There are 2 protein chains.
Amino acid sequence: MNDVKPSQEPDGPTGTLAFRLGTVGTLVTARFAAAVEDLGVKPKHVGLLSVIGSGAPASQQDVARTMGVVPSLVVTLADQLEELGAIERVRDPDDRRRHRLGLTPEGHTLLAECTARARALDEELTAGLSTAERDTLSRAMGVLAREAGLP
Amino acid sequence: MNDVKPSQEPDGPTGTLAFRLGTVGTLVTARFAAAVEDLGVKPKHVGLLSVIGSGAPASQQDVARTMGVVPSLVVTLADQLEELGAIERVRDPDDRRRHRLGLTPEGHTLLAECTARARALDEELTAGLSTAERDTLSRAMGVLAREAGLP
DNA sequence: GATGAATCGTTCATAGCTCGAATGATTCGG
DNA sequence: CCGAATCATTCGAGCTATGAACGATTCATC
């Protein structure tokens with residue numbers, strides 16, 4: 001009768017979802033960063049690639065909004081990815097203020113490799129979970145993302 | 001037969017658990033930071049309070065290890081919390097190199113308030129989830145935390 | 001007991017990341 | 001045609017967290 005809530009967890013903020021999400025997120029991001037370091041990119045770069053990769057070529061403003069960062073940061077990230085030969089900037093003929101960002105063939109390859117490594121990391125992380133739990137977790141993260149103000 | 005995997009998710013890294021954990025973590029942390037801002041503390045302070053609050057009084061080195069940060073950062077955080085009157089440093093009589101960190105009565109109150117707000121945030125975030133899903137999520141986060149290298 | 005090595009807390013300088021304001025080019029609305 | 005708005009870019013600044021030095025204290029070995 002005493003294990004209705006089997007929580008052996010500490011009862012401080014450290015035990016709450018909000019807090020744990022932060023610490024685990026930081027840790028996992030660090031691990032992902034280490035996993036793609038040799039490719040010359042960091043998580044933010046991968047995020048940019050991913051945004052560009054899925055969907056129509058977008059302006060840097062759009063990308064910034066989607067990523068939840070400031071446009072000036074997109075400039076820096078895009079500069080570095082362009083230098084890697086992963087993306088290219090094309091002046092939008094319809095509105096020549098805009099730069100439409102697109103993946104180069106090398107960019108597609110890079111994105112695919114990053115995706116593969118992210119998936120591998122997922123496998124490691126969820127090794128201790130059942131398939132049903134993974135699905136629930138995956139779905140819950142989607143809900144949380146929207147709840148936290150993501151597109 | 002085509003919805004064996006009902007994933008409408010994008011297939012880039014953005015859709016992976018590892019990546020989403022990072023972005024959601026950052027977002028949630030920002031929201032928690034805003035929630036406790038008027039108390040004069042930031043998430044890292046709350047983490048420190050939480051570590052001190054649960055368990056025997058620990059040295060700053062121990063706290064640093066538990067939090068996964070460098071000892072010099074604990075100095076800064078402890079300074080600010082001490083100035084708030086939330087914690088106190090006591091020279092360990094058994095080993096006078098050490099400072100044992102302890103919560104003051106005000107510190108207990110502050111920690112309790114932070115805990116309450118973290119729980120309230122949890123409620124908001126998981127509003128769209130069933131009770132069973134919340135439990136699974138909670139458990140899964142514990143597994144991930146250990147898997148990612150947390151105590 | 002003495003003495004060199006190790007540990008604890010602290011200070012300081014520094015690196016990394018991100019933001020915000022200012023600028024120039026371009027487009028839109030009246 | 002002209003002022004307001006939008007886009008990309010540059011530049012400077014802020015904040016966090018780190019790592020290397022340093023004094024105080026303890027430990028281990030002789």
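Lettering follows sequence order; numbering is per chain, from 1. Remember, it's a predicted structure, so these values are computed and weren't measured experimentally. Computed from heavy atoms alone, side chains included, the values below leave out hydrogens, waters and symmetry copies.
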[atom2] on [Y] to [atom1] on [X], rounded to 0.5 Å:
| X | Y | atom1 | atom2 | value |
| --- | --- | --- | --- | --- |
| A:Thr126 | B:Leu144 | OG1 | CG | 7.5 Å |
| A:Glu133 | B:Asp135 | CD | CG | 11.0 Å |
| A:Arg139 | B:Leu137 | CZ | CG | 10.5 Å |
| A:Glu82 | A:Leu101 | CD | CG | 8.5 Å |
| A:Phe19 | B:Leu121 | CZ | CG | 12.0 Å |
| A:Asp122 | A:Phe32 | CG | CZ | 9.5 Å |

Practice problem: Anything under 4.0 Å to a heavy atom of chain A counts; send over the first and last such nucleotide of DNA chain C, read 5' to 3'. | Solution: C:dC17 to C:dT27
Quiz item: Please give, in whole Å, the distance from D:dA24 C1' to B:Gln61 CD?
Solution: 14 Å
Quiz prompt | Integer-rounded Å distance: D:dT10 P and A:Asp79 CG | solution = 6 Å
Quiz item: With no hydrogens and no angle check, do the side chains of B:Gln61 and B:Ser59 hold a donor and an acceptor under 3.5 Å apart?
Solution: no
Exercise. Would you kindly say whether B:Arg100 and B:Gln60 are connected by a side-chain donor-acceptor distance under 3.5 Å?
Key: no
Practice problem: Report whether A:Leu49 and A:Met67 are members of the same hydrophobic cluster (ILVMFWY, side-chain heavy atoms less than 4.5 Å apart, transitive linking). | Solution: yes
Practice problem: Taking only heavy atoms on the protein side, list every residue of residues 29-40 of chain A lying under 4.0 Å from any atom of DNA chain C, sorted numerically. | Solution: none
Quiz item: Listed in order of residue number, which residues of residues 83-102 of chain B have a non-hydrogen atom at under 4.0 Å from DNA chain C?
Solution: B:Arg89, B:Arg97, B:Arg98, B:His99
Quiz item: Does A:Arg65 come within less than 4.0 Å of A:Asp62, counting only side-chain N to carboxylate O?
Solution: yes
Quiz prompt | Pair listing, salt bridge (charged side-chain N to carboxylate O under 4.0 Å, His left out) test, anchored in residues 25-36 of chain A, at least two apart | solution = A:Arg31-A:Glu124
Quiz item: Under the salt bridge (charged side-chain N to carboxylate O under 4.0 Å, His left out) rule, what pairs show up with a residue in residues 35-48 of chain A, not counting sequence neighbours?
Solution: A:Asp38-A:Arg117
Self-check item: Identified side-chain contact (heavy atoms from CB on, under 4.5 Å) counterpart of B:Leu103 within the set B:Leu110, B:Leu81, B:Thr109, B:Ile87
Solution: B:Ile87
Self-check item: Summary of protein contacts for nucleotides 16-23 of chain D, nucleotide by nucleotide, where a base hit scores B, a sugar-phosphate-only hit scores S (4.0 Å, heavy atoms)
Solution: SSBB----
